[in-house]
Amino acid sequence: MKLFIVYTGFKLTREWQELEQRQFSAVKRIVVKIGSSSLIYPTGRPNLAQMESLVRQLADLHNQGKEMLLVTSGAIGVGLNRLGYARRPKTIPEKQAAAAVGQGILIHIYEKFFAEYNVPVGQVLLTREDFADRKRFLNARNTMYTLLRIGVLPIINENDTVAVEEIKLGDNDNLAAQVGGLVDADLLIMLSDIDGFYEGDPSAGPARLIPEVKEITPQLEQIAAGTKNKLGTGGMITKLQAARIAMHSGIIMVLASAAEKDVVRRVVSGEPLGTVFWPSERLENKKRWIAYSSTVHGKIYVDEGAAAALLYKGKSLLPSGVVQVEGDFEIGNTVSIHGPDGNEIARGITNFSAAEVNAIKGAKTKEIERLLGHKGYEEVVHRNNMVLNI
Ligand code: GLU
């Protein structure tokens, strides 16, 4: 069952109000992400107790009829340990090699624990490209839906062995949010070595845990910028980036401590643990893909009039409002649209190549045909293929 997360502008719907009090009983599809620092001891070896407890909770929720997906880190860390590395190597091929070794070990452990509870698991390894290419995105989605339909619990990680810098998502917080969007999850639980989002650095002295977030403010971003975690790639910055994706995708995100006893089960039962990030909207799947999964191939700078037309009047981007073009994009690529102050105001799919937009920038729509020799479209980016305020 889907949750109705409808913000009417004045009054929140009843179902939303129930969710505000963390009545998660309607939550059906749940992505749980666990980070490296919660899976690996400071000795570098896998934390089997943590993994076993996580598996038991996921298996139990699976048995209750919830659709569970696990996004796990730890491949590189576990691989490095098996190979006897004292510290994390700098080169990408070495990390990729470690991931090849570690991913096998990780899945072996999960498979063994889940088998004890009779839950079949399936390994899914993804890269940025699998999300960025619309066809591959839809293929991945079909596979995930099939796995869930036949009762398999997908265990997902980045395909680190093939993911070089350009095609890497880079961190599993982002991966988990993208997976949430891919499968239209209701709830995303981020398990980490910290029990929520704090107003300061809890290791530096008393700091207040923020129980709920409804909007990612510059102040929150500033707090996040001051944190960094040692074992994984994330820290709070990537948690906030993930939260932003979740909040625009209609997914509730809860950030909580992996070490808290029975944390997944308790979060799902509505216990106010950690920090909850409430969704502000549910962008339709295609717009979500444009905003967070597709690759941005270039930039289009627009004048003040066009920026206001996009932001406040629900208009498409016309050639007349374009001031400058950056990058070498083709028809059908995603471009980011920037206002006169340089800030990104929207993202969308372009109907013209970079060279063509350059040729028609500032021109009236009726001049397109004369300038290009063909008309094709009136809009550079149509409203229906555009997302504001990413
Ligand atoms: N994919 C990496 C791994 O499994 C982890 C990335 C992260 O920690 O966010 O080792």
Side-chain angles (χ1 to χ4, degrees), residues 31-48 50-51 54-55 69-111 121-131 140 154-180 182 188-194 224 227-246 253 255-259 292:
V31 176
V32 177
K33 184 258 167 180
I34 184 147
S36 297
S37 47
S38 309
L39 291 170
I40 302 173
Y41 284 119
T43 58
R45 302 225 174 98
N47 184 335
L48 297 174
Q50 188 94 276
M51 289 171 89
L54 176 73
V55 166
L69 299 98
L70 174 63
V71 174
T72 185
S73 302
I76 298 177
V78 169
L80 289 176
N81 181 254
R82 172 61 65 89
L83 295 170
Y85 279 85
R87 69 175 79 86
R88 217 175 160 84
K90 292 241 153 47
T91 72
I92 292 193
E94 276 177 301
K95 286 186 209 160
Q96 290 179 308
V101 174
Q103 181 64 27
I105 301 172
L106 263 188
I107 282 292
H108 174 75
I109 300 172
Y110 281 124
E111 161 64 37
V121 296
Q123 172 179 263
V124 182
L125 299 176
L126 299 165
T127 64
R128 178 187 290 281
E129 281 191 330
D130 298 311
F131 290 98
I155 301 182
I156 302 136
N157 195 357
E158 176 140 33
N159 195 355
D160 292 307
T161 50
V162 298
V164 287
E165 216 52 61
E166 311 82 70
I167 62 163
K168 233 175 151 28
L169 281 162
D171 65 85
N172 278 9
D173 295 330
N174 192 342
L175 174 66
Q178 299 261 5
V179 166
L182 182 77
L188 167 60
I189 304 178
M190 291 278 198
L191 298 178
S192 164
D193 52 1
I194 187 156
T227 63
K228 181 83 191 134
N229 112 356
K230 285 176 227 64
L231 259 179
T233 351
M236 282 302 151
I237 301 177
T238 55
K239 302 275 179 311
L240 269 202
Q241 288 164 350
R244 190 185 291 281
I245 298 176
M253 180 176 129
L255 176 60
S257 163
Y292 302 115

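For the single chain, residues carry numbers from 1 onward in sequence order. One-based numbering, in listed order, for ligands and for the atoms of each. These numbers were taken from a predicted model, which means no experiment stands behind them.
Annotation for ligand 1: atoms under 4.0 Å from non-hydrogen atoms of Asp171 are 9 (O). Annotation for ligand 1: atoms under 4.0 Å from non-hydrogen atoms of Ser36 are 8 (O). Atoms of ligand 1 lying under 4.0 Å from at least one heavy atom of Asn157, given by number and element, are 1 (N), 3 (C), 4 (O).
At a 4.0 Å cut-off, at least one heavy atom of Gly74 sits close enough to ligand 1 to count as contact. Under a 4.0 Å heavy-atom criterion, Gly35 is not in contact with ligand 1.
Here the side chains of Asp173 and Met190 are in contact, with some heavy-atom distance below 4.5 Å. By the 4.5 Å heavy-atom criterion applied to side chains, Val179 and Lys33 are not counted as neighbours.
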Review point. Run the side chain to side chain contact (heavy atoms under 4.5 Å, CB included) check on Lys95 and Asp160 step by step: do they pass?
Key: CA-CA 8 Å; Lys95 286 186 209 160; Asp160 292 307; over 6 Å; no
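For ligand 1, the polar-atom distance check finds no N/O of Asp173 at less than 3.5 Å from any of the ligand's N/O atoms. Ligand 1 has a nitrogen or oxygen under 3.5 angstrom from a nitrogen or oxygen of Asn172. Checking only distances, Ala75 does come within under 3.5 Å of ligand 1, N or O to N or O. Of the N or O atoms in Glu158, none lie within a sub-3.5 Å distance of an N or O in ligand 1.
Here the closest non-hydrogen pair linking Leu240 and Ala224 is CD1-CB, 3.8 Å. Minimum heavy-atom separation, Ile34 to Ala258: CD1-CB, 3.9 Å.
Taken from CG in Leu175 to CD in Glu158, the straight-line distance is 6.5 Å, to the nearest 0.5 Å.
Of the candidates Thr72, Leu48, Val78, Leu48 is the only one forming a side-chain contact (heavy atoms from CB on, under 4.5 Å) with Ile109.
The part of Asp160 lying near ligand 1 is the side chain, judged by heavy-atom distances below 4.0 Å.
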